[in-house]
2 protein chains.
Amino acid sequence: MSEMSKSQTKNKSTGPTNAELEILRVLWSLETATVRQIHEVLTDGEKQTTFNTTLKMLNIMLDKGLVTREDVRRPHIYQAAIPEEQMQQQLVSDLLKRAFGGATRKLVAALTASDISNEELADIKQFLNDQEEKNDEHAN
Amino acid sequence: MSEMSKSQTKNKSTGPTNAELEILRVLWSLETATVRQIHEVLTDGEKQTTFNTTLKMLNIMLDKGLVTREDVRRPHIYQAAIPEEQMQQQLVSDLLKRAFGGATRKLVAALTASDISNEELADIKQFLNDQEEKNDEHAN
DNA sequence: GTTTAACAACGAAAACTTTCGGTTTCGCGG
DNA sequence: CCGCGAAACCGAAAGTTTTCGTTGTTAAAC
């Protein structure tokens, strides 16, 4: 924690890229997977890439520390290196800064501006109530 | 007139890039600005780019339809083509899809996971209440 | 032990984003 | 008019991200 402090502001979206995030989502859902499995899930949708492309992505992500793998035997078994929630927090925090100047309320406004069901709203409010209680507990 | 170049036709979820969003934010705050003005705001911060770079970005954004400009006289005057709120909704919606699989509650969870004051929480809940009322009014 | 098919590593091309240098055009003061 | 500095355009380099072809490697089948 010494020299990077100054030019660290350049660290904007050095998070996962688009393709990387897609793969992470598969890994989060499968817990653990081979390249073949990941590739099959990806190409179930609209993705039209070769196995090698997926493999290369996993290599890159391993380099970046986004995934870990078990390579004692073949097919190597991959795993997300970062929990889903943590990455999501990072992504939201990033967007909050980049597009909203940190104004949380504006983000919520944008989130609820589109059509959102009352069911979802109630769900969210329930969640916020729980959150508030937690805050109160810690405050005491 | 709007000769949509083929570059953008295949749009997946390719919103504004990072540099583009930075410029849009300046434009939203200034309403209207010359390249010089935009560039000055940008380089007030940590950005270290030349005037020409900013100019080029504006050209690109004009091509993409992200900005409009008045070029009857010489310093051309630029304006964001899309309102701030609309773009923010698009960005949030995009993140919601890409990182959360559409689970709004999860996004709110991520948003409130970091330390957030009860004040902010209350603010957000107030927002949600208003939204709910609107939904009820427009209920079909 | 040899063959075979899947797996992995590697490099490099393609696509996209950001940056900047060289040059032309414009508006204006002299 | 003339020249000068600011503004604009162009093309291409530099930097990322994504894709894929080629080549080696391994496990397992024969």
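Letters go in sequence order (proteins before strands), and every chain restarts at 1.
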For nucleotides 21-23 of chain C, give me every protein contact, N/O to N/O, under 3.5 Å, one pair per line with atom names.
from   : atom 1 : to      : atom 2 : distance (Å)
C:dG21 : N7     : B:Asn52 : ND2    : 3.3
C:dG21 : O6     : B:Asn52 : ND2    : 3.2
C:dG22 : O6     : B:Asn52 : ND2    : 2.7

Student check: side-chain heavy atoms of [X] and [Y] closer than 4.5 Å:
X	Y	answer
A:Pro75	A:Val35	no
A:Glu20	A:Met57	yes
B:Val67	B:Gln79	no
B:Lys106	A:Glu84	yes
B:Thr32	B:Gln37	no
B:Thr34	B:Tyr78	no
A:Ile23	A:Met61	yes
B:Lys125	A:Asn129	yes

Using whole Å, what does the distance between atom [atom2] of nucleotide [N] and atom [atom1] of [X] come to?
X	N	atom1	atom2	result
B:Met57	D:dC10	CE	P	17 Å
A:Phe51	D:dT22	CZ	C1'	15 Å
A:Lys56	C:dA13	NZ	C1'	12 Å
B:Glu70	D:dA8	CD	C1'	16 Å
B:Leu62	D:dC10	CG	C1'	15 Å
A:His39	D:dC20	NE2	C1'	11 Å
B:Gln48	C:dT18	CD	P	17 Å
B:Asp63	C:dT17	CG	C1'	14 Å

Which part of the nucleic acid does [X] contact within heavy-atom distance under 4.0 Å: base, sugar-phosphate only, or nothing?
X	result
B:Asp71	nothing
A:Thr49	sugar-phosphate
A:Thr53	base

Give the B/S/- string for nucleotides 25-30 of chain C, one per nucleotide from 5' to 3', where a protein heavy atom under 4.0 Å of the base yields B, of only the sugar-phosphate yields S, and otherwise -.
BSS---
Shortest non-hydrogen contact from [X] toward [Y]:
X	Y	result
A:Ala99	B:Arg25	O-CD, 3.9 Å
B:Thr104	A:Glu120	OG1-OE2, 3.2 Å
A:Gln90	A:Pro16	NE2-CD, 4.4 Å

Using heavy atoms and a sub-4.0 Å distance, could you list which residues of residues 28-35 of chain B are near DNA chain C? By number, please.
none
Short side-chain N/O contact to D:dA7 OP1/OP2 from B:His76, under 4.0 Å:
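It does not, given that no N or O in the side chain of B:His76 lies less than 4.0 Å from OP1 or OP2 of D:dA7.
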Do any side-chain nitrogens or oxygens of B:Asn59 fall under 4.0 Å of OP1 or OP2 in D:dC10?
no
Between [options], which nucleotide gets closest to the side-chain atoms of [X]?
X	options	answer
B:Leu55	D:dT18, C:dC20, D:dA8	D:dA8
B:Arg69	D:dA6, D:dC9, C:dC7	D:dC9
B:Thr17	D:dA8, C:dC10, C:dT18	C:dT18

Are A:Ile82 and B:Leu95 connected in the hydrophobic side-chain network, where two residues link if heavy atoms are under 4.5 Å apart?
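In one cluster: yes.
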